[in-house]
Enquirer: 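Here it is, the structure in full.
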There are 2 protein chains.
Amino acid sequence: MATEQPATPPLSPAVFAILLSLAEGEKHGYAMMKDAVKPEFGGITLGPGTLYGTIDRMMRDQLVEESGKTDNERRRYYRLTELGLGALTAEMVRLNAAVTQGRKLGLIETGGEV
Amino acid sequence: MATEQPATPPLSPAVFAILLSLAEGEKHGYAMMKDAVKPEFGGITLGPGTLYGTIDRMMRDQLVEESGKTDNERRRYYRLTELGLGALTAEMVRLNAAVTQGRKLGLIETGGEV
DNA sequence: AAATACTATGTCCGTAACGGATATAATGTC
DNA sequence: GACATTATATCCGTTACGGACATAGTATTT
């Protein structure tokens, strides 16, 4: 038994990038947009349509929630929910298995990480 | 020239699973379907609609090609193209960066891979 | 102080992917 | 001979994606 399939379908790149960005702490949309292009967050371009549309869906799915922080009038801060953190963790485990397989097949360097 | 940035946007889970499955060698659709549910290939469910629709798109995009192997009348074998291998490798590098970040944030175990 | 760039969020909407349902047929099994 | 499995294929509704556009406040530049 153990490792039961978490019934969580794979996350889209946009959802994944946002979750990973928020794993560092609460952020506002624009900050996530800036994060997303960095390689460590997936290196993807998050246009406003994708960003805010995805945030709405993630709010609906309870992956993120507004933190209520009122740093700046124009910023809306978001944070991970427990569900969101769980989804991110599950996805990380999933991706790690695939990356390990990639390493095994010689697609990427062995032993340069950690 | 050599490894130019392939401007390849992130791959969908289905495309990724198929490429990774084919990285082991030529396979037919049904075999990929079986592979995909295994954790090392991403652990996703590939229904026939997704599978064959995705293969068509990948053929169109020159990520895979038919190998012509006539093992069994009913099977159609596919293999990676150079473009497909490149896309898979780029995606692996991309995902590895994200997984490394996940490790850094304590989302997954440190040092259990390789 | 006017102009410009950047920050920050938001909506619109066409294109494309996803994926379950269904169909077909051959082979293997009981 | 009936049923499950292998293997491929198409249909089609739902959803996500993502560029373009809109709005407005702030910061910078000249």
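These numbers come from the heavy atoms of this one structure, side chains and all, not from hydrogens, waters or symmetry mates.
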Enquirer: Picking from A/Ile18, A/Asp35, A/Val37, what satisfies side-chain contact (heavy atoms from CB on, under 4.5 Å) with A/Leu46?
Expert: A/Ile18
Enquirer: Is any side-chain nitrogen or oxygen of B/Thr54 closer than 4.0 Å to OP1 or OP2 of C/dC18?
Expert: yes
Enquirer: DNA chain C: B/Pro48 or B/Arg57, which has the more 5' nearest nucleotide?
Expert: B/Arg57
Enquirer: Of the candidate nucleotides D/dT10, C/dA8, C/dA17, which contains the atom at the shortest distance from the side chain of B/Arg60?
Expert: C/dA17
Enquirer: Measure from CZ on B/Arg75 to P on D/dT5 and round the result to the nearest Å.
Expert: 17 Å
Enquirer: Is the phosphate of C/dG10, meaning OP1 or OP2, less than 4.0 Å from a side-chain N or O of A/Tyr52?
Expert: no
Enquirer: Within the structure provided, determine whether B/Val64 and B/Met59 are in side-chain contact (heavy-atom separation under 4.5 Å).
Expert: yes
Enquirer: Looking only at side-chain N and O atoms, does A/Lys34 come under 4.0 Å of OP1 or OP2 in C/dA8?
Expert: no
Enquirer: So B/Phe41 and B/Glu24, do their side chains get closer than 4.5 Å, heavy atoms only?
Expert: yes
Enquirer: Counting any heavy atom closer than 4.0 Å, what does A/Thr45 reach on the DNA or RNA strands: base, sugar-phosphate only, or nothing?
Expert: nothing
Enquirer: Looking only at side-chain atoms of A/Arg74, point me to the closest of C/dT11, D/dC17, C/dT7.
Expert: C/dT7
Enquirer: Given atom CG of A/Leu51 and atom P of C/dG10, what is their separation to the nearest angstrom?
Expert: 9 Å
Enquirer: I want to confirm an ordering. Mapping A/Ser12 and B/Gly29 to their closest nucleotides on DNA chain D, which one lands closer to the 5' end?
Expert: B/Gly29
